[in-house]
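Notes follow once the structure below has been shown.
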Amino acid sequence: MINPLRGMKDLTFEEARRFEYIVATSSQIARRYGYRYIETPILEETALFKRSVGESSDIVGKEMYQFEDKGGNDVCMRPEGTAGVVRAFISAKLDRQQGKHKFFYYGPMFRYERPQKGRLRQFHQFGCESFGEESVYEDFTLIQMLTQIFDALGIGYTLQINSLGCPTCMPDYRTQLVGFLEGVKGHLCEDCNRRITTNPIRTLDCKNESCQHHLSAAPRITENLCESCQSDFETLQRLLDEAGIAYEVDSNLVRGLDYYSKTAFEFVSDAIGAQSAIAGGGRYDRLVEFLDGKPTPAIGFALGIERIMELVQMPKAPREGYYMGAMTPEALSSILRLAARKRLSDTVTIEYASKGFKSHMKGADKAHARYAVLIGENELKDGTIWIKDMEKNTEETRRVEDGDF
RNA sequence: GUGGGUAUAGCUCAGUUGGUUAGAGCACCUGUUUGUGGCACAGGGGGUCGAGGGUUCGAAUCCCUUUACCCACCCCA
């Protein structure tokens with residue numbers, strides 16, 4: 001027997017239903033905020049991710065499905081969605097227009113990690129990217145949209161926010177932080193020592209307790225923001241307060257991808273194990289430029305569909321459509337004709353085998369059909385069908401007219 | 001990459017100090033007189049006990065090896 005590869009899963013039945021429901025609910029809400037669907041390739045040039053996600057990140061450093069294709073190209077299965085959308089934005093030359101563009105997407109992402117609860121090698125994200133909007137009101141709106149999505153899905157969460165600064169204030173802060181880190185480097189773990197040169201900000205969210213202890217006195221980005229960043233961060237908090245959206249400021253919240261600046265946020269659940277982030281995002285005003293586009297402010301988020309599948313409150317599936325069956329073999333051709341007609345507008349399940357009444361009733365129940373439609377000898381003779389509403393428990397015999405009933 | 005745990009029916013799991021043809025619940029199929037689903041009752045199909053080797057008269061059970069999965073570290077949505 002051939003099993004799926006490690007860290008890859010089939011979704012069927014109830015799981016597939018959850019998946020569809022999350023995508024449908026999220027898409028519907030995103031559309032209300034002006035987002036439109038975008039589909040980008042799963043396979044991209046490796047350079048795209050190296051330049052956007054960042055070579056210092058673990059994702060690019062050790063988790064990518066990277067290989068050479070038959071044409072000798074260095075390619076990668078996308079490990080996240082933003083890079084591809086930004087690349088598509090630039091490829092379509094939308095960066096040369098002045099307008100605002102909002103896109104949503106969903107689909108598989110690939111990271112070669114050790115699987116565990118809430119972490120697969122092929123997993124799915126739903127995401128939104130907003131281009132051309134500089135205002136912090138957009139940051140707020142995006143967060144608001146996420147709360148609306150989670151509320152619609154019946155999911156509880158904690159919202160954490162931070163500001164990562166911008167090219168004006170970040171370099172100074174970074175220098176300050178490196179200075180501090182050099183002073184305590186003897187007490188920090190191996191990873192953090194490496195990060196001092198590769199990506200010092202990442203030390204802040206090191207999970208090592210000893211590191212956290214020694215980093216507690218580290219300078220905080222939120223206390224070293226430039227005027228513009230500071231004022232935007234304050235505005236964001238005021239807007240959230242006014243909207244009644246609860247949040248925590250976590251100055252150690254550092255997104256794992258290098259491209260974020262200013263607003264960064266994360267939605268966390270305490271009900272799904274160690275992999276608790278259910279959505280994350282932030283502003284990436286410099287990314288379009290890094291990928292050779294014209295400077296364009298942008299902000300986005302992604303949510304992890306599999307993680308949310310464990311939390312979503314599903315509405316009860318109603319009985320739907322028709323179950324049709326014959327109680328005498330001669331009636332099957334009538335069943336087929338009627339089914340074809342009904343299928344122009346409704347879901348129809350056909351039982352090809354001629355069976356007893358009770359057996360058909362069981363079949364209709366199992367098919368979760370709203371209506372059971374049967375033809376026996378009497379009905380065939382009279383040109384009628386017998387139909388029962390499985391929910392209301394009402395039944396009648398109807399005449400077939402114009403091939404329909 | 002590092003730890004720990006678990007592998008018995010489609011699913012969730014029992015299986016006593018090694019002892020006859022390996023069990024339960026759920027699910028599935030067929031019946032309970034050719035006309036009423038969910039309920040009940042009766043019957044049925046389905047397992048080389050993850051794989052390989054060893055100890056033994058005898059192994060699901062003890063020992064070794066191996067693989068897969070799960071959880072945690074790490075990473076992140």
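Below, all heavy atoms of this structure are taken into account, side chains as well, without hydrogens, waters or symmetry copies. In the text below, chain A, chain B and the rest are named by the order of the sequence lines, each starting its count at 1.
Close to rA77(B), at under 4.0 Å from its OP1 or OP2, lies no side-chain N or O of Gln125(A).
Using a 4.0 Å heavy-atom distance criterion, Leu303(A) is classed as making no nucleic acid contact. Using a 4.0 Å heavy-atom cutoff across all strands shown, Gly280(A) reaches sugar-phosphate atoms only and no base atom. Across all strands, Glu377(A) comes closer than 4.0 Å to no nucleic acid atom at all (heavy-atom distances). Contacts of Lys62(A) with the nucleic acid, taken as non-hydrogen atoms under 4.0 Å apart, are absent. Nucleic acid contact class of Ala364(A) (heavy atoms, under 4.0 Å, all strands): none. At the heavy-atom level, Phe267(A) lies nowhere under 4.0 Å from the strands shown. No engagement by Asn3(A) is indicated, since no non-hydrogen atom pair under 4.0 Å with the nucleic acid exists. Residue-level contact check: Gly118(A) touches the bases, meaning some heavy atom is under 4.0 Å from a base atom.
Pair assignment for rU36(B) gives none, since no Watson-Crick or G-U wobble pairing has each distance under 3.5 Å. Partner assigned to rA77(B) is none, using Watson-Crick or G-U wobble distances below 3.5 angstrom. Under the Watson-Crick or G-U wobble criterion, with both distances below 3.5 Å, rA68(B) is paired with rU6(B). rC29(B) is paired with rG43(B) under the criterion used here, namely a Watson-Crick or G-U wobble arrangement in which both key atom distances are under 3.5 Å.
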Applying side-chain contact (heavy atoms from CB on, under 4.5 Å), run through Leu146(A) and Leu303(A) and close with a yes or a no. CA-CA 9 Å; Leu146(A) 264 170; Leu303(A) 56 81; 3.9 Å; yes
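In terms of modelled atom types and a separation under 3.5 Å, the side chain of Asp285(A) and the main chain of Ala298(A) share a donor-acceptor contact. The backbone N or O of Asp402(A) lies less than 3.5 Å from a partner atom in the side chain of Arg341(A), making a donor-acceptor pair.
Rounded to the nearest Å, the gap between the C1' atom of rC29(B) and that of rC70(B) is 33 Å. Taking atom P on both nucleotides, rG47(B) is separated from rG38(B) by 29 Å, rounded to a whole Å. Annotation: rU48(B) and rU32(B) have their C1' atoms spaced 37 Å apart (nearest Å). On the P atoms, rC28(B) is 38 Å away from rU67(B), given to the nearest whole Å.
Judged by distance alone, with hydrogens and angles left aside, Gln116(A) brings a side-chain donor or acceptor within reach of the base of rC74(B), the pair sitting under 3.5 Å. Donor-acceptor pairing under 3.5 Å, judged by distance alone, is present between the side chain of Arg307(A) and the base of rC76(B). Taking only distance into account, the side chain of Glu395(A) meets the base of rU36(B) through a donor-acceptor pair shorter than 3.5 Å. In the interface, the side chain of Arg119(A) is paired with the base of rC74(B) through a donor and an acceptor atom under 3.5 Å apart. For Glu379(A) against rG35(B), a side-chain-to-base donor-acceptor contact under 3.5 Å is present. Taking 3.5 Å as the limit, the base of rU36(B) and the side chain of Lys358(A) contain no donor-acceptor pair of atoms between them.
Look at Asp365(A) and Arg319(A) and you find a salt bridge, because one of the NZ, NE, NH1 or NH2 atoms lies within 4.0 Å of a carboxylate O, short of that distance.
For an aromatic pair to be called close, the ring centres must be under 6.0 Å apart, and Phe104(A) with Tyr37(A) satisfies this.
A cation-pi arrangement is present between Lys342(A) and Phe405(A), with the terminal nitrogen or guanidinium carbon under 6.0 Å from the aromatic centre and inside a 45° cone about the axis.
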